[in-house]
Peer 1: 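Following this message is one structure expressed as structure tokens.
Lettering follows sequence order; numbering is per chain, from 1.
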Amino acid sequence: MSRYNAQAVEPKWQKAWDDAGVFEARRNPDQPKYYVLEMFPYPSGALHMGHVRNYTMGDVVARYKAAQGFAVLHPMGWDAFGLPAENAAMERKVHPGDWTYQNIDTMRGQFKALGLSIDWSREFATCDPEYYGQQQALFIDMMNAGLVARKTAVVNWDPVDMTVLANEQVENGRGWRSGAVVERKELTQWFFRISDMADELLDAIDTLEDWPEKVRLMQANWIGKSRGLELPFQLSTPLPGHDSVLCYTTRPDTLRGASFIAISPDHPLSRALEAENADLAAFNTECRRTGTSEEALEKAEKRGFDTGLTVKHPVFADQTLPVWVGNFVLMDYGSGAVFGCPAHDQRDLDFARKYDLPVANAFHMPGETADVGTEALVPPKTETVDYVDHFAGITTTTGQEAIDATIDWMEAKGLGTGQTKFRLRDWGVSRQRYWGCPIPVIHCDACGVVPERKENLPIELPKDVTFDRPGNPLDWHPTFRDCTCPSCGGAARRETDTMDTFVDSSWYYARFTAPRATTPTEADDVAYWMNVDQYIGGVEHAILHLLYSRFFARAMQRTGHLPKDAVEPFNALFTQGMVTHETYSTPGPSGSRIWHSPDQVIRTEEGATLANGSAVEVGPIIKMSKSKKNVVDPKDIVAQYGADTARWFVMSDSPPERDVEWTAAGADAAWKHLQRVWRLADEVSQSADDPSTSEGEEALSLRRLTHRTIKDMTSDIEDFAFNKAVARLYELTGAIAKAKPSPARREAMLIMARLMTPVTPHLAEEIWQHLGQEGLISQAPWPVADESLLVVSEIVMPVQINGKRRAELSVPADATKEQVEEMALADATVQKYLDGQTVRKLIVVPGRIVNVVV
RNA sequence: GCGGACGUGGCGAAAUCGGUAGACGCAACGGACUUAAAAUCCGUUUUCCGUAUGGAAGUGUGGGUUCGAGUCCCACCGUCCGCACCA
């Protein structure tokens with residue numbers, strides 16, 4: 001008997017599938033379609049185990065649905081624009097395009113070695129002019145449909161490198177390359193008007209029934225619809241152009257406790273005062289050094305600057321409040337100004353204590369009167385509280401009712417207006433970088449900003465660029481930058497900003513339905529294939545990528561590129577966990593750690609050492625990352641064990657939504673199991689099955705298990721419970737191993753091969769052929785369980801006495817409640833425990849449990 | 001800081017509706033085969049007490065609801081993800 005040789009077998013079947021065109025998606029109106037898509041990868045240079053897991057999940061679904069008779073679309077492409085290519089260009093003097101396409105070639109090879117059922121004829125990269133040219137056409141259509149805006153936005157500016165930095169390029173307020181202190185800078189930028197669709201995107205979350213609840217919640221919170229009050233506070237002494245400060249609050253019921261006004265450093269009033277007040281100017285400059293990310297702003301120590309101005313309380317005319325500039329007030333949200341109510345907001349309270357501002361409760365918990373000390377009183381809005389001297393006469397009610405009543409009262413008095421606001425901001429898409437999709441507009445002195453003509457698309461990135469001077473090479477590339485105005489024909493300048501790479505990934509799913517079309521999409525193809533039936537990817541994309549994709553589908557629908565019913569592009573979403581690994585390190589110079597990759601480390605029960613015997617500290621199990629070197633290269637695993645082993649491992653044990661830890665022992669175990677299956681298949685192929693053995697009880701119980709496995713595994717795959725599906729295959733393998741040669745055993749083996757096909761397709765093909773079956777198992781239908789083998793006549797029920805399990809009871813499956821009660825009380829063990837005590841209550845849950853309460 | 005999740009044996013986990021906690025796998029231990037090893041096969045394996053029949057405890061911690069809680073409720077602890085220019 002030969003050992004199963006994955007290295008020889010796998011390429012053979014991959015070629016057979018290619019030759020037969022098994023995975024080419026074909027439109028067939030007589031067949032139901034199924035579109036399964038995994039989030040496409042960034043071509044970083046090598047596949048990692050996270051990819052293997054993600055794409056194997058998709059492959060299991062794709063192969064399973066194909067076996068169920070669906071016309072399956074399962075494409076692959078590359079999210080190919082982005083910063084790493086420019087970093088590589090700077091560090092290694094390679095062109096971003098060359099670097100990217102080389103990486104794609106490497107990774108495509110790794111993908112193919114995994115035996116995924118992908119229709120490679122549809123492959124594209126977002127940096128192909130064929131793709132991004134269509135994206136430019138979409139941009140122009142969106143401009144014409146009023147979905148694009150131009151306005152200012154704040155960016156991280158590195159004054160040494162003279163370039164805009166991404167948030168991740170800012171480390172402790174300094175540029176990662178130059179080390180210069182980062183400044184905030186305002187630039188005029190392009191935006192998609194996603195906030196106009198905020199309400200629609202929020203409401204439609206309810207229709208996303210097959211999305212994880214947590215993702216829907218995160219999206220809803222991100223959009224952040226709130227009803228509040230916008231109210232002006234009159235300045236005690238008006239300034240030219242400023243006679244009041246407009247504040248927005250979601251808690252107008254706390255207006256009594258207002259003790260100060262805080263405005264953003266970028267608020268027009270703050271900017272006006274800056275000119276006269278050098279100290280304020282210095283404070284504001286300092287504030288602008290904080291990063292632009294919300295996280296950085298929120299985490300920064302809360303600081304303020306007293307402007308010396310005061311405003312009148314809108315209700316209590318005798319009260320005045322000081323106006324402060326606060327580094328924690330966002331200019332982007334609401335009106336850039338808030339009133340501080342320290343008693344009912346922890347941040348305001350910290351601020352008030354720090355600057356010695358008054359603290360007054362607007363309400364207390366029922367029955368209490370003590371004012372707040374160091375902890376703000378912030379009960380849920382649904383809770384009933386006692387209001388203190390509320391101006392609208394509110395006494396005891398819930399926060400929500402008080403908010404509504406206050407808004408009504410303020411509106412009636414003309415003191416403010418109820419406003420619905422969203423946290424969601426417009427989507428800024430301008431990037432001052434080379435390696436992205438050029439924005440297809442032209443700046444003309446005579447005509448202003450005009451879109452490029454579609455017949456001139458694609459606006460291609462020029463190849464002849466270098467990265468030896470800081471900034472965007474497009475800015476000083478004469479033949480790219482200088483152009484003629486499509487409107488008047490005069491000399492003009494091309495926009496040199498490129499698009500956010502999130503734009504590229506916001507419509508690729510639609511492009512896969514007709515990747516070579518000369519328009520962004522093709523009507524018949526999108527009508528047939530859209531929507532994506534199952535989308536699979538990392539939970540880190542739960543908000544931005546998915547929200548932008550939902551926006552884009554709507555935008556494409558409005559501009560005629562998607563059918564009416566395709567506004568929600570992903571019918572079902574699955575978010576998978578990460579692949580993790582232990583970390584290994586030794587002490588480095590000055591307290592730092594030197595990280596070691598798993599293949600340099602010898603791991604034992606007690607600990608770990610390097611090859612030279614020096615001790616290695618075993619660190620926490622974290623997401624595989626290059627910086628910590630805790631990566632296992634799928635290439636090595638495939639070379640050592642074969643693709644099926646890697647696929648089997650990542651699908652077994654851990655539930656797919658949870659993180660999985662890669663261990664060498666686990667990989668080895670997976671390989672051993674597949675070898676065992678092959679040995680059993682070989683045994684079956686050599687045996688002459690005696691038909692008379694099929695009559696016996698042993699054969700019948702194997703058949704029962706086989707058909708039970710079909711049924712359970714089918715529902716496990718439908719539920720994305722791949723780890724449970726794998727466990728059932730282990731169980732069936734064990735049963736086949738124990739069985740004697742019989743037609744039942746042969747049936748079990750053939751059915752198991754079919755059930756294994758989605759996970760280990762190469763091994764399944766080899767077994768199929770070895771057992772003399774015709775055709776490819778990849779094209780064989782999914783097995784159907786024989787229902788008559790699934791019925792059970794007798795079940796075992798546990799019997800509890802006062803909630804503790806004391807006995808087991810074997811009862812006919814169709815026994816009535818009364819019969820079970822009778823049998824339970826008659827049971828000898830039960831009698832022993834009852835010991836003559838009175839039965840107070842008898843609970844029988846049919847098919848489940850009996851509980852006797854004494 | 002804000003938003004979202006997760007926590008069960010030595011390890012990865014299972015437990016579909018509130019109904020036998022630990023299926024299945026890894027590791028470990030014992031045995032068979034072998035001159036030996038590897039490979040393979042069989043068995044044991046939540047913890048504690050007990051020779052055993054058996055008993056007690058047990059799902060991050062502390063409370064609560066229930067005949068019955070890993071599952072529901074409240075509080076706390078720990079870990080992870082996102083925060084708009086990383087993808």
Peer 1: Please say whether more than 12 non-hydrogen atoms of neighbouring residues, nucleotides or ligands are located less than 6.0 Å from CE in A:Met162.
Peer 2: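 Incorrect, the count does not exceed 12.
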
Peer 1: Using the side-chain heavy atoms of A:Ala665, tell me which of these nucleotides is nearest: B:C85, B:A14, B:C26.
Peer 2: B:C26

Peer 1: Would you name the heavy atoms of A:Trp190 and A:Ile439 that are closest together and state the gap between them?
Peer 2: CD1-CD1, 3.7 Å

Peer 1: NA contact type, A:Ser652, heavy-atom cut-off 4.0 Å: base, sugar-phosphate, or nothing?
Peer 2: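 It contacts nothing in the nucleic acid.
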
Peer 1: Indicate the ring-plane relationship of A:Trp648 and A:His673, choosing parallel, tilted or perpendicular according to the 30° and 60° boundaries.
Peer 2: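 If you compare the ring of A:Trp648 with that of A:His673, the planes turn out parallel.
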
Peer 1: Between B:G70 and B:U46, how far is it from one C1' atom to the other, in whole Å?
Peer 2: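 It comes out at 14 Å once rounded to the nearest Å.
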
Peer 1: Give A:Lys214 one of three labels, base, sugar-phosphate or nothing, depending on what nucleic acid heavy atoms sit under 4.0 Å from its own.
Peer 2: sugar-phosphate

Peer 1: With heavy atoms under 4.0 Å as the rule, sort A:Arg658 into base, sugar-phosphate or nothing.
Peer 2: sugar-phosphate

Peer 1: Touch check for A:Phe502, heavy atoms < 4.0 angstrom, all strands: base, sugar-phosphate only, or nothing?
Peer 2: base

Peer 1: Given the side-chain rings of A:Phe574 and A:Tyr535, with only the six-membered ring counted for Trp, is the space between their centroids under 6.0 Å?
Peer 2: no

Peer 1: Using a 4.0 Å heavy-atom cut-off, does A:Gln169 contact any base of the nucleic acid, only the sugar-phosphate backbone, or nothing at all?
Peer 2: nothing

Peer 1: Any donor-acceptor pair, under 3.5 Å, between the side chain of A:Gln800 and the base of B:C67, if you only look at N and O atoms?
Peer 2: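 A donor-acceptor contact between them is absent.
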
Peer 1: As a test of reading the structure: which of B:A87, B:G19, B:A57 is closest to the side chain of A:Lys804, going by heavy atoms?
Peer 2: B:A57

Peer 1: Once you apply a heavy-atom cut-off of 4.0 Å, does A:Lys724 come out as touching a base, just sugar-phosphate, or nothing?
Peer 2: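 Sugar-phosphate contact only.
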
Peer 1: With a 4.0 Å cut-off on heavy atoms, is A:Leu842 in touch with a base, just the backbone sugar-phosphate, or nothing at all?
Peer 2: nothing

Peer 1: Counting any heavy atom closer than 4.0 Å, what does A:Gly82 reach on the DNA or RNA strands: base, sugar-phosphate only, or nothing?
Peer 2: sugar-phosphate

Peer 1: At less than 3.5 Å, do the side-chain atoms of A:Glu295 and the base atoms of B:C83 form a donor-acceptor pair?
Peer 2: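 Result: at least one qualifying N/O pair found.
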
Peer 1: From C-beta outward on A:Lys672, which listed nucleotide comes closest to its side chain: B:A21, B:G4, B:U40?
Peer 2: B:U40

Peer 1: Between A:Met752 and A:Thr706, is there a side-chain heavy-atom distance shorter than 4.5 Å?
Peer 2: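 They are not in contact (no side-chain heavy atoms under 4.5 Å apart), so the answer is no.
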
Peer 1: Determine whether the aromatic ring centres of A:Trp427 and A:Tyr548 lie less than 6.0 Å apart.
Peer 2: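 Between A:Tyr548 and A:Trp427, which both carry aromatic rings, the centre distance is below 6.0 Å.
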
Peer 1: Could you check whether A:Arg347 gets within reach of a base, just the sugar-phosphate, or nothing at all, counting any heavy atom under 4.0 Å?
Peer 2: nothing

Peer 1: Assign A:Asn851 to base, sugar-phosphate, or nothing according to its heavy-atom contacts below 4.0 angstrom with the strands shown.
Peer 2: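 It contacts base atoms.
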
Peer 1: Where the side chain of A:Lys738 is concerned, which of B:A23, B:A84, B:C42 is the nearest nucleotide?
Peer 2: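 For A:Lys738, the side-chain atoms sit closest to B:C42.
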
Peer 1: Check every strand shown and say whether A:Gln189 touches a base, only sugar-phosphate, or nothing at a heavy-atom separation below 4.0 Å.
Peer 2: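 The residue A:Gln189 makes base contact.
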
Peer 1: Select one nucleotide: of B:A87, B:G19, B:A13, the one nearest the side-chain heavy atoms of A:Glu540.
Peer 2: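 My answer, after comparing the listed nucleotides, is B:A87.
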
Peer 1: Could you summarise the pairing of RNA chain B as dot-bracket text, marking Watson-Crick and G-U pairs under 3.5 Å with ( ) or [ ] inside the strand and | across strands?
Peer 2: (((((((..(((......[....))).(((((.......))))).((((....))))..(((((..]....))))))))))))....

Peer 1: Looking for any heavy atom pair under 4.0 Å, which part of the strands does A:Ser505 touch: base, sugar-phosphate only, or nothing?
Peer 2: nothing

Peer 1: Given B:U20, B:G4, B:A84, identify the nucleotide with an atom nearest to the side chain of A:Leu544.
Peer 2: B:A84

Peer 1: Which of these nucleotides, B:C86, B:C67, B:G12, is closest to any side-chain atom of A:Asp653?
Peer 2: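 Closest nucleotide to the A:Asp653 side chain: B:G12.
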
Peer 1: Using a heavy-atom cut-off of under 4.0 Å over every strand shown, decide if A:Glu808 touches base, sugar-phosphate, or nothing.
Peer 2: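 Answer is base: heavy atoms of A:Glu808 come under 4.0 Å of a base.
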
Peer 1: Using a distance-only criterion (donor-acceptor N/O pair, under 3.5 Å, no hydrogens), is the base of B:C85 paired with the side chain of A:Arg433?
Peer 2: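 For A:Arg433, whose side chain was compared with the base of B:C85, there is a donor-acceptor pair (under 3.5 Å).
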
Peer 1: Would you indicate what A:Trp222 reaches in the nucleic acid, counting non-hydrogen atoms under 4.0 angstrom: base, sugar-phosphate, or nothing?
Peer 2: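 Base contact.
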
